[in-house]
Amino acid sequence: MPPAISRLPVSDPKVAVATLLDRVRASELVAYSGYAETLGTFALPSTRGLSDLTSLFGGHTRLRVWRRTVTDWRVDSLSPVGEQGIYRDGSGIWLWDFAANRAVRTTQPAVRLPAAPDLLPAELGRRLLSEAHPAELQRLPARTIAGRTAEGVRLRPAERNATIDRVDVWVDPRTGLSMRVEVWGKAAPQPAVQASFLDLHVGRPAARLTRFAAPVGAQLSTEDPRDVSRLAEEFGFTDLPARLAGLPLRHDAPGLGSYGRGPTFLTAVPLSRRGRFRLLDRIQAAPGAHVDPADGSSSLAAGPLSLLVAAVAGESWLFTGTVTVVTLQRAAAQLNAART
């Protein structure tokens, strides 16, 4: 029913694109609650450290969200056997596993891998549109999503080597909340990632809904996550070029190997010896993988996402992003030249 209803004719108020974009950027401050579903078609290799990403970007995820403020929210990932919850408060995070009856108290690292809350339509849409240039945007017809008229915006990345063809976002014009997001690879028959609200209520939910209370008998523990920024400093990988393969170093993660803008990104990460062999085995076993006999590098294109394991100054690095494999190879060569 929701997909059918969303395609019924609706009135289109036509808020100016620039105004709509400003409201999307400011939507981080909007309080809301609701239910959303995401579907990813990325065929990522499943290996230790990437297993959560494999299921998140390569499967169907059901999410319930209660968001009061930037530092006061809760997101539950629902599955047939139970649920996993993330509770954010002013000083940290509770990770709750219903099936295991276990809760872990941790902190929010400055730089981390994507998690389920990042695929909520409101968060994903704001992230992808926040750095868009006006010339990259065009209007789409409005649609009814979760009972609201949402205005459509299409982003076509200007980067020549991007593997993302377009990002289609439908936005609530009053709040700036992204209601539905579709990320399309080039020449793809379906979106690589789609996320949509099926139910949405604007307004601050009750504080009790975002406050974690451990059930009787639950296993409680604490964890200090390994922040990517601390690891980079520890292993001396912070001295990176300002640009790599034509992409600028991201201003929100300087020196951490993150390059690009909006949906076009490139990330360079050093690998441990054990991590190199584990990841190489997974990549080389995937359909379409390529091993270069000249330098021993291994590459894989999984939809619009490309991966490359290559040597940089005698060490193994993982290069990944929404750019072509050739672009990753160029980035590896430039980084190798800069570090030798």
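Side chains included, hydrogens not; waters and symmetry mates left out as well; all remaining heavy atoms used. Only a predicted model underlies this, so the values are computations on that prediction, with no experimental measurement involved.
Residues P241 and L335 are in side-chain contact: their nearest non-hydrogen atoms beyond the backbone lie under 4.5 Å apart. Looking at H60 and T38, their side chains never come closer than 4.5 Å, going by heavy atoms from C-beta outward. Counting heavy atoms from C-beta outward, P117 and W73 have side chains that approach closer than 4.5 Å. For the pair V24 and S130, the minimum side-chain heavy-atom distance is 4.5 Å or more.
Note: the hydrophobic cluster containing V167 also contains V17 (ILVMFWY, side chain heavy atoms under 4.5 Å, direct or indirect links). Linking ILVMFWY side-chain heavy atoms closer than 4.5 Å, directly or via other members, places V202 and M179 in a single hydrophobic cluster. Y35 and W66 sit in two unconnected hydrophobic clusters of ILVMFWY residues. Membership requires side-chain heavy atoms under 4.5 Å apart, directly or through other members. A continuous path of ILVMFWY side-chain contacts below 4.5 Å connects L128 to V193, so both sit in one hydrophobic cluster. Residues W184 and I164 fall into different hydrophobic clusters, defined by Ile, Leu, Val, Met, Phe, Trp and Tyr side chains chained together at heavy-atom separations under 4.5 Å.
Separating the CG atom in L63 from the CG atom in L78 is a distance of 7.5 Å, to the nearest 0.5 Å. To the nearest 0.5 Å, the span separating OG1 on T327 from CZ on F319 amounts to 12.5 Å. The CG atom of L95 sits 6.0 Å away from the CD1 atom of I86 when rounded to the nearest 0.5 Å. Once rounded to the nearest 0.5 Å, the distance linking CG of L177 with CD1 of I145 reads 12.0 Å. Going from atom CG of L318 over to atom OG of S298 covers 11.0 Å, rounded to the nearest 0.5 Å. The CG atom of D168 sits 11.0 Å away from the CD atom of Q194 when rounded to the nearest 0.5 Å.
The minimum heavy-atom distance linking E159 with T264 is given by the pair OE1-OG1, 3.4 Å. Across every non-hydrogen atom of V312 and R339, the tightest pair is CG1-CD, 3.7 Å. Closest non-hydrogen pair, A313 versus N336, comes out as N-OD1, 2.7 Å. Across L20 and P173, no two heavy atoms sit closer than the pair CD1-CA, 3.8 Å. In terms of heavy-atom proximity, L308 sits nearest to A332 at CD2-CB, 4.1 Å. Of all the heavy atoms in A142 and T149, the pair that sits closest is CB-CG2, 4.2 Å.
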Next on the checklist: Does T163 form a side chain to side chain contact (heavy atoms under 4.5 Å, CB included) with T324? I'd like the steps, not just the answer.
Outcome noted: CA-CA 6 Å; T163 53; T324 63; 4.1 Å; yes
- Task: Decide yes or no on side chain to side chain contact (heavy atoms under 4.5 Å, CB included) for W170 and T144, but give the supporting numbers first.
- Result: CA-CA 9 Å; W170 284 267; T144 299; over 6 Å; no
L129 and V169: side chain to side chain contact (heavy atoms under 4.5 Å, CB included), yes or no, with the steps? CA-CA 9 Å; L129 292 180; V169 183; 4.0 Å; yes
Side chain to side chain contact (heavy atoms under 4.5 Å, CB included) for T222 and V104? Distances and angles first, verdict last. CA-CA 5 Å; T222 59; V104 178; over 6 Å; no
Practice prompt. Could you walk me through whether R126 and E131 pass salt bridge (charged side-chain N to carboxylate O under 4.0 Å, His left out), step by step?
Written response: CA-CA 9 Å; R126 185 177 65 253; E131 299 173 322; over 6 Å; no
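At distances below 3.5 Å, at least one donor-acceptor pair connects side-chain atoms of T320 with backbone N or O atoms of S306. In terms of modelled atom types and a separation under 3.5 Å, the side chain of K186 and the main chain of R166 share no donor-acceptor contact. Using a distance-only test at 3.5 Å, with no hydrogens or angles considered, no donor-acceptor pair links the side chain of S178 to the main chain of V171. Panel note: side chain T322, backbone F265; a donor-acceptor pair is recorded below 3.5 Å. Here the side chain of R67 pairs a donor or acceptor atom with the backbone of E28 at under 3.5 angstrom.
Considering only residues two or more places apart in sequence or on other chains, A207 meets the side chain to side chain contact (heavy atoms under 4.5 Å, CB included) condition with R68, R211. Qualifying salt bridge (Lys or Arg N to Asp or Glu O under 4.0 Å) partners for D165, counting only residues two or more places apart in sequence or in other chains: R156. With sequence neighbours left out, S91 forms a side chain to side chain contact (heavy atoms under 4.5 Å, CB included) with D89, R105. Residues passing the salt bridge (Lys or Arg N to Asp or Glu O under 4.0 Å) test with R330, sequence neighbours excluded: none. With sequence neighbours excluded, no residue forms a side-chain hydrogen bond (donor to acceptor under 3.5 Å, both in side chains) with D292. Taking S27 as the reference, nothing meets the side-chain hydrogen bond (donor to acceptor under 3.5 Å, both in side chains) condition, with sequence neighbours excluded. Remark: Q334 pairs with no residue by the side-chain hydrogen bond (donor to acceptor under 3.5 Å, both in side chains) rule, at least two apart or across chains. In this structure S33 satisfies the side-chain hydrogen bond (donor to acceptor under 3.5 Å, both in side chains) test with no other residue, sequence neighbours excluded. The salt bridge (Lys or Arg N to Asp or Glu O under 4.0 Å) check on D199 picks up nothing, with sequence neighbours excluded. The salt bridge (Lys or Arg N to Asp or Glu O under 4.0 Å) test applied to R243 returns no partner, not counting sequence neighbours.
With D172 as the partner, the salt bridge (charged side-chain N to carboxylate O under 4.0 Å, His left out) test is satisfied by one option alone out of R148, R143, R23: R148.
For the ring-ring contact (aromatic ring centres under 6.0 Å, His included) condition, the pairs that include at least one residue of residues 186-216, sequence neighbours left out, are Y32-F197, Y87-F212, W94-F212, W96-F212.
For the pair E83 and R62, the salt-bridge criterion is not met [side-chain N within less than 4.0 Å of a carboxylate O]. With respect to E37 and R64, no salt bridge is recorded, no charged nitrogen being found less than 4.0 Å from a carboxylate O. Electrostatic pairing of R261 and E136 counts as a salt bridge here, judged by a charged N lying under 4.0 Å from a carboxylate O.
With no hydrogens or angles considered, no side-chain donor-acceptor pair links W317 and E315 at under 3.5 Å. A donor-acceptor pair shorter than 3.5 Å can be found between the side chains of T210 and D72.
In the hydrophobic clustering, where aliphatic and aromatic side chains (Ile, Leu, Val, Met, Phe, Trp, Tyr) are joined below 4.5 Å either directly or transitively, L29 groups with V70.
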